S.K.: 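Sharing a structure here in structure tokens format.
Note that this is a predicted model, so its numbers are computed, not measured.
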Amino acid sequence: MAKDKGPRRPRAETPKGFRDYFGAEVTERKVMLDRIAAVYHRYGFDPLETSAVETVEALGKFLPDVDRPNDGVFAWQEEDSDWLALRYDLTAPLARVAAQYRNDLPTPYRRYAMGPVWRNEKPGPGRFRQFYQCDADTVGSGSVAADAEICAMLSDALEEVGIPRGDYVVRVNNRKVLNGVMEVAGVLDPADPSKFEHERGIVMRAIDKIDRLGEAGVRALIGAGRMDDSGDFTKGAGLSEAQADVVLGFMSARRDTGAETVARLRELAGGSAIGTEGVDELEKIAELLDAQGYGPDRIVIDPAVVRGLGYYTGPVFEAELTFEILDEKGRPRQFGSVAGGGRYDDLVKRFTGQSVPATGVSIGVDRLLAALRAKGRVEADTRGPVVVTVMDRDRMAEYQKMATELRQAGIRAEVYLGNPKNFGNQLKYADKRNSPVAVIQGGDEAAKGVVQLKDLFLGAKIAAEVSHEEWKSQPAQTEVPRDTLVTEVRRLLGIA
């Protein structure tokens, strides 16, 4: 008879689509976010932390059947109550807060928020179900000065974390200009917005693929249709060549200066009231930014920015890193977008029934951090603590005292708390901790009133790079008086 093995042990593995973050990664992210928060704070924005859980109704998801909410969120139903879900972005909770506390909050309300969000989507390479977002928004101001301020603040934040001018550009467009171009092209009727809605949807999706399909591919999609490499045919929007010329003219309207770009857009959308309004807004944004010193080396008017045009109601912006990296096949390519945002004047209206203007930006935290790593510009101190080794169990109080002195001097330090019998294991532990220095004091050193300081980074470098003779002339371990412990450790750590 087989023995009962008892309950099956759980598998020690991260759920699919999720990941764990360890010391250095967490430290690097925190340093980057702290620098971004400092910029937002200087601009007068307040921090906001909302619950990780919202009602499905507040998130804007609805019940398509009696069992499950829409795909895209992690949701569950409270007993005889509402459906709840983990937040999938930081904007929907802001809209709820702006509506819930509208009588208490200042108008405009300026806030920034940083934290994890969750998407119930199929994971893939570099695509996770939990990731960090970093948002800043102004709710309650319809002035394009608010949009210009967001662009300037985004530019400052990128430079603050280590992306210099020349390595990035903030590109600005306006949904209203595209609407005007659609009107001129004959696929938008201001008197009946529902008319040509299907065709407009195809056009919007097509121009969003300009980077992948190129002008010819987009022209096919907004015209008769397009056949892909596999032979599958996608029916197009049915625009004529002349209509397609108007739409594609909008995509390629960028000129050498903001003024020239605005002039070209005015030509394209001049027959439309909404288009002219959008051009006027872009012109005003350019003027405001230019007056503050944000020239085309940092922020440009660029009609080729099309991501999010289906969501935003006015100005849209995207921060793109322009330096090259190597892809997984070793080919050079530009790093690409790390932030995006725009004006969304209808989100809070869902709660209040009244239109509340809003504009904001979201930084892709993981992408920006990856860019900094790719350029070697992560400046976080990811060194482990100084490790005070244990040579004599009976002298633990003295070892703890050494660690306390180092901590009081602002130095990370810990006493080895494992089995001290094998000293080599203590140094292996220090290596795993990425410790820069090990403090060693046995009975002989204590009797002489000294400690040994082992520079673990120098030791590893010497072992890897120099000959035996050079190794003997560059000892990584030095003896110093016990009462100079803090001073000597500070020197090894490069602390002034």
S.K.: Any chance you could lay out the side-chain hydrogen bond (donor to acceptor under 3.5 Å, both in side chains) test for Tyr43 and Asp156, step after step, and finish with the verdict?
M.R.: CA-CA 10 Å; Tyr43 272 76; Asp156 287 354; 2.6 Å; yes

S.K.: Are the side chains of Glu183 and Ile274 in contact, using a 4.5 Å heavy-atom criterion?
M.R.: yes

S.K.: How close do Pro164 and Arg377 get, counting heavy atoms only, and between which atoms?
M.R.: CD-NH1, 2.9 Å

S.K.: Determine whether a donor-acceptor pair (N or O, by modelled atom type, separation under 3.5 Å) exists between the side chain of Thr276 and the backbone of Ser272.
M.R.: yes

S.K.: For Asp345, is there an ion pair with Arg343 - N to carboxylate O distance below 4.0 angstrom?
M.R.: yes

S.K.: Report yes or no: is the cationic atom of Arg298 (NZ for Lys, CZ for Arg) closer than 6.0 Å to the six-membered ring centre of Tyr168, at no more than 45° off its axis?
M.R.: no

S.K.: Between the side chains of Arg266 and Glu283, is the shortest nitrogen-to-carboxylate-oxygen separation below 4.0 Å, so that they form an ion pair?
M.R.: yes

S.K.: Do the side chains of Arg219 and Glu241 get close enough for a salt bridge, i.e. N-O under 4.0 angstrom?
M.R.: yes

S.K.: Given the rule in the side chain to side chain contact (heavy atoms under 4.5 Å, CB included) test, do Val338 and Ile363 qualify, once you have shown the distances and angles that lead to the verdict?
M.R.: CA-CA 6 Å; Val338 294; Ile363 293 175; 5.5 Å; no

S.K.: Measure the shortest side-chain to side-chain distance between Val117 and Phe131 over non-hydrogen atoms and say whether it is less than 4.5 angstrom.
M.R.: yes

S.K.: Set out, in order, the CA-CA distance, both residues' side-chain angles and the distance that settles salt bridge (Lys or Arg N to Asp or Glu O under 4.0 Å) for Arg110 and Glu149, then state yes or no.
M.R.: CA-CA 11 Å; Arg110 300 143 67 82; Glu149 181 182 64; 2.8 Å; yes

S.K.: Is Arg119 salt-bridged to Asp89, going by a charged N under 4.0 Å from an acidic O?
M.R.: no

S.K.: Is it the case that more than 12 heavy atoms not belonging to Glu79 sit under 6.0 Å from its CD atom?
M.R.: no

S.K.: Got a second to check how far Ile285's CD1 is from Asn174's CG, nearest 0.5 Å?
M.R.: 6.5 Å

S.K.: Counting neighbours of OH on Tyr101 that are heavy atoms of other residues, nucleotides or ligands and sit closer than 6.0 Å, is the number greater than 12?
M.R.: no

S.K.: Would you say that Val184 contacts Phe250 through its side chain, given a criterion of any heavy-atom pair below 4.5 Å between the two side chains?
M.R.: no

S.K.: To the nearest 0.5 Å, what is the distance between CG (Leu368) and CD1 (Ile163)?
M.R.: 6.0 Å

S.K.: Considering only NZ, NE, NH1 and NH2 on the basic side and carboxylate oxygens on the acidic side, decide whether Glu414 and Arg407 come within less than 4.0 Å.
M.R.: no

S.K.: Would a distance-only check, ignoring hydrogens and angles, find a side-chain to backbone donor-acceptor pair under 3.5 Å from Arg433 to Val387?
M.R.: no

S.K.: Please evaluate residues Ser362 and Asp135 with respect to the criterion side-chain hydrogen bond (donor to acceptor under 3.5 Å, both in side chains), reporting the C-alpha separation (whole Å), side-chain torsions for both, the decisive distance (0.1 Å), and the verdict.
M.R.: CA-CA 4 Å; Ser362 181; Asp135 288 16; 2.7 Å; yes

S.K.: So which atom in Leu105 and which in Ala98 form the shortest heavy-atom distance, rounded to 0.1 Å?
M.R.: CD1-CA, 4.2 Å

S.K.: Just one of Asp189, Val177, Val203 clears the side-chain contact (heavy atoms from CB on, under 4.5 Å) bar with Met182, so which one?
M.R.: Val203

S.K.: For Phe18, enumerate each residue passing the side-chain contact (heavy atoms from CB on, under 4.5 Å) test, keeping only those at least two apart in sequence or located in another chain.
M.R.: Thr14, Pro15, Phe74, Trp118, Arg129, Gln130

S.K.: Any ion pair linking Glu197 and Arg200 (charged N to carboxylate O, less than 4.0 Å)?
M.R.: no

S.K.: Which pair of non-hydrogen atoms, one from Arg383 and one from Pro436, has the smallest distance, and what is that distance?
M.R.: CD-CB, 4.3 Å

S.K.: Quick check: does any side chain N or O of Arg171 sit under 3.5 Å from a backbone N or O of Phe317, one acting as donor and the other as acceptor?
M.R.: no

S.K.: Under the 3.5 angstrom rule, does the side chain of Asp147 hit a backbone N or O of Gly342 as a donor-acceptor pair?
M.R.: no

S.K.: Is it possible for you to check whether Arg111 lies under 6.0 Å from the centre of the six-membered ring of Phe45, through NZ or CZ, and within 45° of that ring's axis?
M.R.: no

S.K.: Between Pro315 and Thr359, is any pair of side-chain heavy atoms under 4.5 Å apart?
M.R.: no

S.K.: In terms of heavy-atom contacts, does NZ of Lys375 have more than 12 from other residues, nucleotides or ligands at under 6.0 Å?
M.R.: yes

S.K.: Locate the shortest heavy-atom distance separating Ala152 from Gln292; write the atom from each residue and the value.
M.R.: CB-OE1, 4.4 Å

S.K.: Might you work through the salt bridge (Lys or Arg N to Asp or Glu O under 4.0 Å) test for Asp302 and Arg255, ending with a clear yes or no?
M.R.: CA-CA 8 Å; Asp302 188 354; Arg255 299 295 185 263; over 6 Å; no

S.K.: So how far is it from Met114 CE to Cys134 SG, rounded to the nearest 0.5 Å?
M.R.: 3.5 Å

S.K.: Using a 3.5 Å distance criterion without hydrogens, assess whether the side chain of Arg96 forms a donor-acceptor pair with backbone atoms of Phe351.
M.R.: no

S.K.: Hey, does Val172 have a side-chain heavy atom less than 4.5 Å from the side chain of Val300?
M.R.: no

S.K.: How close do Ser141 and Pro108 get, counting heavy atoms only, and between which atoms?
M.R.: CB-CG, 3.8 Å

S.K.: How far apart are the C-alpha atoms of Asp82 and Glu57, what are their side-chain angles, what is the distance that settles it, and do they pass the side chain to side chain contact (heavy atoms under 4.5 Å, CB included) test?
M.R.: CA-CA 8 Å; Asp82 293 333; Glu57 185 181 34; 5.9 Å; no

S.K.: I need the Asn173 CG to Tyr312 OH distance, nearest 0.5 Å.
M.R.: 12.5 Å

S.K.: How long is the gap from OH on Tyr88 to CG on Leu59, to the nearest 0.5 Å?
M.R.: 6.0 Å

S.K.: Please tell me if the side chains of Met204 and Glu199 come closer than 4.5 Å, counting only heavy atoms from C-beta onward.
M.R.: no

S.K.: Using a 4.5 Å cut-off on heavy atoms from C-beta on, say whether the side chain of Val365 contacts that of Arg29.
M.R.: yes

S.K.: Would Glu277 and Lys176 count as a salt bridge (Lys or Arg N to Asp or Glu O under 4.0 Å) if you check the C-alpha gap in whole Å, the side-chain angles of each, and the deciding distance to 0.1 Å?
M.R.: CA-CA 7 Å; Glu277 183 180 327; Lys176 294 177 183 177; 2.7 Å; yes

S.K.: What is the minimum heavy-atom distance between Gly275 and Ala269, and which atoms define it?
M.R.: CA-CB, 3.9 Å

S.K.: Where do Asp137 and Tyr344 land on the side-chain hydrogen bond (donor to acceptor under 3.5 Å, both in side chains) test, with the steps shown first?
M.R.: CA-CA 10 Å; Asp137 297 80; Tyr344 52 99; 2.6 Å; yes

S.K.: Considering only NZ, NE, NH1 and NH2 on the basic side and carboxylate oxygens on the acidic side, decide whether Asp280 and Lys284 come within less than 4.0 Å.
M.R.: no

S.K.: Do Leu33 and Tyr132 pass the side chain to side chain contact (heavy atoms under 4.5 Å, CB included) test, and can you show the C-alpha distance, the side-chain angles, and the key distance before you say yes or no?
M.R.: CA-CA 10 Å; Leu33 290 178; Tyr132 258 72; 4.1 Å; yes

S.K.: What verdict does the side chain to side chain contact (heavy atoms under 4.5 Å, CB included) test give for Tyr109 and Asp104, after you've listed the backbone C-alpha separation in whole Å, the side-chain angles of each residue and the deciding distance to 0.1 Å?
M.R.: CA-CA 10 Å; Tyr109 174 53; Asp104 303 317; over 6 Å; no

S.K.: One pair to check against salt bridge (Lys or Arg N to Asp or Glu O under 4.0 Å): Glu160 and Arg35. What are the steps and the verdict?
M.R.: CA-CA 6 Å; Glu160 183 73 18; Arg35 291 180 177 177; 5.6 Å; no

S.K.: Taking side chain as C-beta onward, heavy atoms only, is Met251 less than 4.5 Å from Pro303?
M.R.: no

S.K.: Distance to the ring centre below 6.0 angstrom and angle to the axis at most 45 degrees; does that hold for Arg19 and Tyr21?
M.R.: yes

S.K.: What distance do Leu158 atom CG and Ile36 atom CD1 have between them, rounded to the nearest 0.5 Å?
M.R.: 7.5 Å

